[in-house]
Amino acid sequence: MAHDTYAGAAVPLLAGLPAPALADFDRIAVHGTFRREAPVFVEGEDGDCVFLILRGKVKVTRPGPEGKDVLFTMVGPGQLLGELCVFDGGPRHSTATAVQETDLCWIPVPAMRGWLARHPEASLRMMHLLATRIRNVNDRLEDVTGVDVATRVARALVEQASRFGRRTPLGLRFSLDLSQDELARHVRASRERVNQVLMDFSRRGWLLREGNEWIVLDPPGLTRRARYRPETASRRPSITTTRAPGGAWALIRRS
């Protein structure tokens, strides 16, 4: 049953672990569904469990200088949420909110520590995931302080499209699940400037908006505009594509 429960989410923590470790994980996990806009946890609460997203999307925010929430990251299927509490036992440092109806499982901290102790291969996997998270935080510091607004917007779009997009004949379609104000705060720019950038990307044929969704018409073009440095490009989100017969994009994602 554990194989079926987590296979669809492509869970890095669990991928390739032996069947006893998966069954043990399933035994200690509690499953539930959060409706859209429901808080998963709130900054300052006790960090008493770890979450694993199976379906849907969760935004992680912290208050900005003006008191409005600023997006830190989006978390999707297969990703952990709130895992630092396993190691430091401290309170939540951010607020997590479901932006779609989201299926999760959660594991109490003592049970998670016991599972990691019983399965050393899982402990190594957890350390690798935490190291990747630290690298990602360092990369985001560059996004905030080291590049222009258009580059920051391009990087935000590439990240969301590479993680949550789905292939269509036109390109990679995804829902940003952010208001224009939220996107502007995320890239540390005014709403007006972000709108100018999005209009420019549309004029260049990289991007198309349809209702509440975006379509990346030219994934290589948008990825090039993200202007990742060669030293970090291999670990940054990217969309590499080739044209299939009939003009559809065949997509290879890296994130």
Side-chain angles (χ1 to χ4, degrees), residues 8-10 33-38 40 53-61 68-79 81 96-104 140 143 149-226 236-244 246-255:
T33 299
F34 286 72
R35 60 175 174 77
R36 183 176 178 272
E37 297 185 356
V40 179
I53 299 180
L54 303 175
R55 179 184 65 88
K57 189 191 296 188
V58 173
K59 67 178 179 181
V60 180
T61 60
K68 296 182 178 179
D69 286 343
V70 175
L71 178 71
F72 178 67
T73 188
M74 287 281 197
V75 185
Q79 293 184 282
L81 186 62
T97 308
V99 297
Q100 303 172 358
E101 183 177 89
T102 300
D103 295 333
L104 306 100
R140 286 196 178 95
D143 294 348
V149 173
T151 300
R152 296 201 293 271
V153 172
R155 291 182 179 184
L157 294 173
V158 167
E159 178 178 3
Q160 295 302 305
S162 67
R163 292 169 60 190
F164 301 107
R166 61 188 187 276
R167 178 180 172 182
T168 72
L170 281 178
L172 194 58
R173 181 185 290 266
F174 68 102
S175 175
L176 196 58
D177 291 307
L178 292 173
S179 69
Q180 290 184 338
D181 286 334
E182 288 175 317
L183 177 60
R185 291 196 295 272
H186 178 50
V187 299
R188 307 302 200 274
S190 68
R191 176 175 175 173
E192 292 75 15
R193 178 61 183 129
V194 171
N195 285 337
Q196 291 173 357
V197 170
L198 293 173
M199 291 175 61
D200 179 60
F201 288 179
S202 296
R203 284 194 297 267
R204 293 174 183 271
W206 297 340
L207 202 63
L208 173 67
R209 185 169 188 175
E210 287 191 352
N212 293 325
E213 294 190 315
W214 293 90
I215 304 174
V216 183
L217 302 174
D218 182 3
L222 187 61
T223 299
R224 286 193 298 271
R225 185 59 188 85
R236 301 304 300 268
S238 178
I239 313 166
T240 304
T241 64
T242 57
R243 283 287 189 179
W249 288 109
L251 297 159
I252 304 172
R253 301 173 188 173
R254 183 184 74 237
S255 61

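We count residues from 1, following the sequence as given.
Not counting sequence neighbours, the partners of Glu210 by the side chain to side chain contact (heavy atoms under 4.5 Å, CB included) test are Leu170, Arg173, Leu208, Ile215. For Val149, the side chain to side chain contact (heavy atoms under 4.5 Å, CB included) test picks out Arg152, Val153, Ala189, Arg193, Val197, with sequence neighbours left out. When the side chain to side chain contact (heavy atoms under 4.5 Å, CB included) test is applied to Thr151, the partners found at least two apart in sequence or on another chain are Val147, Asp148, Arg155, Arg225, Arg227. For Thr33, the side-chain hydrogen bond (donor to acceptor under 3.5 Å, both in side chains) partners are Asp103, not counting sequence neighbours. Applying the salt bridge (charged side-chain N to carboxylate O under 4.0 Å, His left out) test to Glu101 and every residue at least two apart in sequence or in another chain returns Arg55. Contacts of Arg191 classified as salt bridge (charged side-chain N to carboxylate O under 4.0 Å, His left out), with partners at least two apart in sequence or in another chain: Asp181. Take Ser202 and apply the side-chain hydrogen bond (donor to acceptor under 3.5 Å, both in side chains) test, not counting sequence neighbours, and it matches no residue. Judged as a side chain to side chain contact (heavy atoms under 4.5 Å, CB included), and not counting sequence neighbours, the contacts of Arg203 are Met199, Asp200.
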Full working for side chain to side chain contact (heavy atoms under 4.5 Å, CB included) between Leu183 and Leu198 | CA-CA 11 Å; Leu183 177 60; Leu198 293 173; 4.3 Å; yes

Check step by step if side chain to side chain contact (heavy atoms under 4.5 Å, CB included) holds for Val216 and Leu207.
-> CA-CA 5 Å; Val216 183; Leu207 202 63; 4.1 Å; yes

Evaluation steps, side chain to side chain contact (heavy atoms under 4.5 Å, CB included), between Lys59 and Met74 = CA-CA 5 Å; Lys59 67 178 179 181; Met74 287 281 197; 3.6 Å; yes

Is there a side chain to side chain contact (heavy atoms under 4.5 Å, CB included) between Phe201 and Leu157 once you walk through the steps?
-> CA-CA 11 Å; Phe201 288 179; Leu157 294 173; 4.0 Å; yes

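A 4.5 Å side-chain heavy-atom check between Asp69 and Glu182 finds every atom pair outside the cut-off.
Formation of a donor-acceptor pair under 3.5 Å by the Gln79 side chain with backbone atoms of Gly76 is found in this model.
When all heavy atoms of Phe34 and Ala98 are compared, the closest pair comes out as CB-CB, 4.2 Å. Among all heavy-atom pairs drawn from Val70 and Arg185, the shortest one is CG1-O, 3.7 Å. The shortest non-hydrogen separation linking Leu217 to Gly205 is CB-O, 3.4 Å. Closest approach of Phe164 and Pro77 over heavy atoms only: CE2-CD, 4.3 Å. Of all heavy-atom pairs spanning Ala226 and Val158, the tightest one is CB-CG2, 4.5 Å. Nearest approach of Gly211 to Arg209, heavy atoms of both residues: O-NE, 3.2 Å.
Salt bridge Lys57/Asp177: present, at least one basic N to carboxylate O contact under 4.0 Å.
For the atom pair OG1 (Thr102) and CZ (Arg36), the distance works out to 10.5 Å, reported to the nearest 0.5 Å.
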